[in-house]
Every structure is written in structure tokens, then in C-alpha cells.
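Each chain gets a letter, A, B and so on, in the order the sequences are listed, and its residues count up from 1. Bear in mind the structure is a predicted one, so any value in this text is a computation, not a measurement.
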Amino acid sequence: MLQQTPVTRVIPHLEAWLTRWPTPADLAAVPPGEAVRAWATLGYPRRALWLHAAAVEITENHGGIVPQDVGVLLTLTGIGDYTARAVAAFAYGHRHPVVDTNTRRVIARCVAGQAEPAPPSRTRDLAAMNALLPADVRAAAVFNAGAMELGALVCTSARPRCADCPLAALCAWRAAGYPEYQGQKKTVQKKFAGSDRQVRGLILAELRSTRHPVTDAEIATLWPDPAQLGRALSGLLSDGLAVRVAAGSYSLPHE
DNA sequence: GAACCGTGGTG
DNA sequence: TCACCAAGGTT
């Protein structure tokens with residue numbers, strides 16, 4: 001849920017989710033469409049599908065227990081390098097560098113003296129964090145969490161609160177006089193309004209809103225451009241977020 | 001490596 | 001008003 005999504009927006013959904021499905025087996029026992037429905041408007045609904053798939057994998061292949069090993073976690077659907085390490089470090093207390101967008105920014109500023117991190121690079125980012133990580137297992141877990149928390153609450157992307165920062169005295173960016181970012185530009189995020197993403201979201205919201213099949217005629221009312229509707233619908237079908245239940249009618253995945 | 005994938009808060 | 005961005009992952 002936290003992938004590319006602010007913590008404050010996740011928390012209520014997480015609590016409701018864990019009340020309904022306390023264990024991987026509980027989630028694995030319901031159709032994937034139920035996960036997509038409960039995901040509501042958290043965004044990136046493929047994550048709901050992937051989380052359900054991971055719950056099935058954990059239930060069938062790992063005795064219903066979330067794996068501890070980073071290499072095993074990486075085999076689960078929707079678990080990438082960040083999430084695998086975060087689970088191993090935060091849930092199980094293992095010593096691994098955990099690097100998210102907040103940590104990257106803290107290292108860029110405090111250590112490298114730059115206003116923004118370079119675009120993410122698994123090798124570089126892990127090496128940089130590894131060089132900072134305490135040797136002690138529990139201290140390493142605290143350090144991972146502390147770096148993320150500092151980036152999320154103090155060393156923020158816009159308007160960092162340097163006056164409140166416990167690392168201000170040793171911050172290389174501050175010492176250098178807050179130079180502007182010189183490095184590679186990050187790829188600009190496309191506009192959402194009018195995009196295929198928005199149309200996908202409209203169709204999926206319609207599918208979530210009812211337990212009856214949604215027809216082509218109903219879908220046609222959601223957006224004026226038929227070509228965009230077609231692209232969005234076929235994308236949802238190929239992603240498994242929607243299934244065709246009869247000619248010209250669709251629902252959330254139910255198997 | 002780059003495009004793609006949602007939604008909402010913020011300044 | 002709108003660009004920016006948020007505990008990334010997959011193809």
C-alpha cells in the first residue's frame with residue numbers, strides 16, 4: 001500500500017484491511033476482485049491484485065508465513081527490492097540496507113551535499129546506505145527507519161525543515177550553502193487529467209461500485225472518447241483487473 | 001533504461 | 001491554477 005502512496009493516506013485502509021484479512025491465508029481465500037474492491041481509491045490497483053497473488057503464493061508455497069529471506073521475498077508478486085528489504089528489516093529485524101525515496105533524499109543532502117538525489121539506482125543506493133548502516137543488528141533497523149522518517153517529516157522534498165533537523169550540524173548540503181541541484185533531471189510525470197490513466201480509473205471505479213456486470217453501454221457513458229475507453233478497457237483486461245463475463249459485459253476478477 | 005501504472009494533498 | 005510528488009514494481 002505504501003508504494004508511491006503517502007503514509008497518512010494508507011493507514012485507514014491498512015487497518016480495515018487487516019481487520020478483514022488478518023493473515024495471508026484469509027486474503028488468499030477470497031476472489032482477487034474482493035481485494036481490488038477493498039483497495040478502493042488507494043491508486044495503482046494492480047497492487048491489490050499483486051498483494052492477493054502474493055497472499056496465494058505465501059499460503060501455497062510458504063506455509064502461510066511471510067518469508068524472511070530477501071531472495072525469497074523477491075520471488076513474490078509485487079514485491080520488489082525496496083519492499084523485500086523493508087519486510088526483512090522492519091518485520092523480522094534483519095540487517096539490510098533499506099532505501100526508499102526519503103532515504104535517497106537524506107543521503108543526497110546530508111552526505112553528498114546535493115539538493116536532490118540522482119535518479120534511483122539499486123547498486124549505488126544500496127552501496128551508499130550500506131556504508132552508513134551500523135554493524136549492530138538492532139541499531140541498523142533503527143537507522144533504516146530513522147533515515148526514512150527524517151526524510152518523510154523533516155528533510156522533505158519541498159521546504160525542508162532544517163531548523164528542526166537533528167543532523168543540521170553535519171549536513172553537507174547545509175554546509176555548502178544549499179546549492180541547487182545540478183544533476184540529471186528526473187523524468188516528468190505526465191498530466192493525469194485527460195490521460196488513459198484517468199479513464200482506467202473511471203472504468204475501474206464503475207466495476208468496484210457494483211456486484212453486477214458492467215456493460216459496454218454503461219462504460220460508454222464514462223468518457224467521451226471511444227478510442228481512449230477501448231485502450232483503457234483492454235488494458236484492464238490484460239492486467240487482470242477486469243474480466244469479460246459475457247459479450248459486452250465485465251466485472252472484477254472472481255477466480 | 002524508459003514508459004507505464006492512480007489518486008489526492010500541497011504550495 | 002497547476003506542477004510537483006508520494007515507504008515502487010513490472011514490462
Checklist entry - Which nucleotide in the set C:dC4, C:dC5, C:dA7 lies at the smallest distance from any side-chain heavy atom of A:Val188? => result C:dC4
Checklist outcome for this item: Checking C:dA7, C:dC4, B:dA3 against the side chain of A:Asp100 (C-beta onward), the nearest is C:dA7
Item to check | DNA chain B: 5'-proximal contact among A:Leu236 and A:Arg159 (nearest heavy atom) | outcome: A:Leu236
Checklist entry - A:Gln3 or A:Ala158: which one's nearest nucleotide on DNA chain B is closer to the 5' end? => result A:Gln3
Checklist outcome for this item: Per salt bridge (charged side-chain N to carboxylate O under 4.0 Å, His left out), A:Glu116 is matched among A:Lys186, A:Arg104, A:Arg109 by A:Lys186
Next on the checklist: Given 3.5 Å as the limit, does a donor-acceptor pair link the side chain of A:Arg47 with the main chain of A:Leu42, or not?
Outcome noted: yes
Next on the checklist: I'd like to know if the side chain of A:Thr5 reaches the main chain of A:Gln3, judged simply by a donor and an acceptor atom lying under 3.5 Å from each other, with no hydrogens or angles considered.
Outcome noted: yes
May I have the distance from [X] (atom [atom1]) to [N] (atom [atom2]), rounded to whole angstrom?
X        : N      : atom1 : atom2 : answer
A:Leu51  : C:dG8  : CG    : C1'   : 14 Å
A:Gln4   : C:dA6  : CD    : P     : 8 Å
A:Ile203 : B:dG6  : CD1   : C1'   : 14 Å
A:Leu14  : C:dA6  : CG    : P     : 21 Å
A:Lys191 : B:dT7  : NZ    : C1'   : 17 Å
A:Phe192 : B:dT10 : CZ    : C1'   : 17 Å
A:Lys186 : C:dA3  : NZ    : C1'   : 13 Å
A:Leu49  : C:dG9  : CG    : P     : 17 Å

Next on the checklist: Less than 4.5 Å apart, side chain to side chain, heavy atoms only: is that true for A:Leu150 and A:Pro166?
Outcome noted: yes
Item to check | Student check: side-chain heavy atoms of A:Leu73 and A:Leu76 closer than 4.5 Å | outcome: yes
Next on the checklist: Roughly how many Å apart are C:dT11 and B:dG6, using the P atom of each and rounding to a whole number?
Outcome noted: 14 Å
Checklist entry - Distance between the C1' atoms of C:dA7 and B:dA2, in whole angstroms? => result 23 Å
Item to check | Nucleic acid contacts - residues 38-47 of chain A versus DNA chain B, non-hydrogen atoms under 4.0 Å | outcome: A:Thr41, A:Leu42, A:Gly43, A:Tyr44, A:Pro45, A:Arg46
NA contact type, [X], heavy-atom cut-off 4.0 Å: base, sugar-phosphate, or nothing?
X        : value
A:Asp81  : sugar-phosphate
A:Arg105 : sugar-phosphate
A:Gln198 : nothing
A:Ser157 : sugar-phosphate
A:Glu149 : base

Checklist outcome for this item: Residue pair A:Val7/A:Trp50 against DNA chain C: nearer the 5' end by closest nucleotide is A:Val7
Next on the checklist: Quick check on DNA chain C: between A:Leu2 and A:Thr77, whose nearest nucleotide comes earlier from the 5' end?
Outcome noted: A:Leu2
Checklist entry - On a plain distance test, is the side chain of A:Thr5 in donor-acceptor contact with the base of C:dG8 below 3.5 Å? => result no
Next on the checklist: I'd like to know if A:Arg85 pairs up with A:Asp81 as an ion pair, taking the criterion as any Lys NZ or Arg NE/NH1/NH2 lying under 4.0 Å from an Asp or Glu carboxylate oxygen.
Outcome noted: yes
For [N] and [X] - does any side-chain N or O of the residue sit under 4.0 Å from the phosphate oxygens OP1/OP2?
X        : N     : value
A:Lys190 : B:dC4 : yes
A:Arg9   : B:dG9 : no
A:Thr103 : C:dA7 : no
A:Thr83  : C:dG8 : no

Checklist entry - Counting heavy atoms not belonging to A:Leu170, are there more than 12 under 6.0 Å from its CG? => result yes
Next on the checklist: Just checking A:Arg161: does its CZ atom have more than 12 heavy atoms from other residues, nucleotides or ligands closer to it than 6.0 angstrom?
Outcome noted: no
Next on the checklist: With ring pair (Phe, Tyr, Trp, His ring centres under 6.0 Å) as the rule and sequence neighbours excluded, what pairs involving residues 20-46 of chain A come up?
Outcome noted: A:Trp17-A:Trp21, A:Trp17-A:Trp39
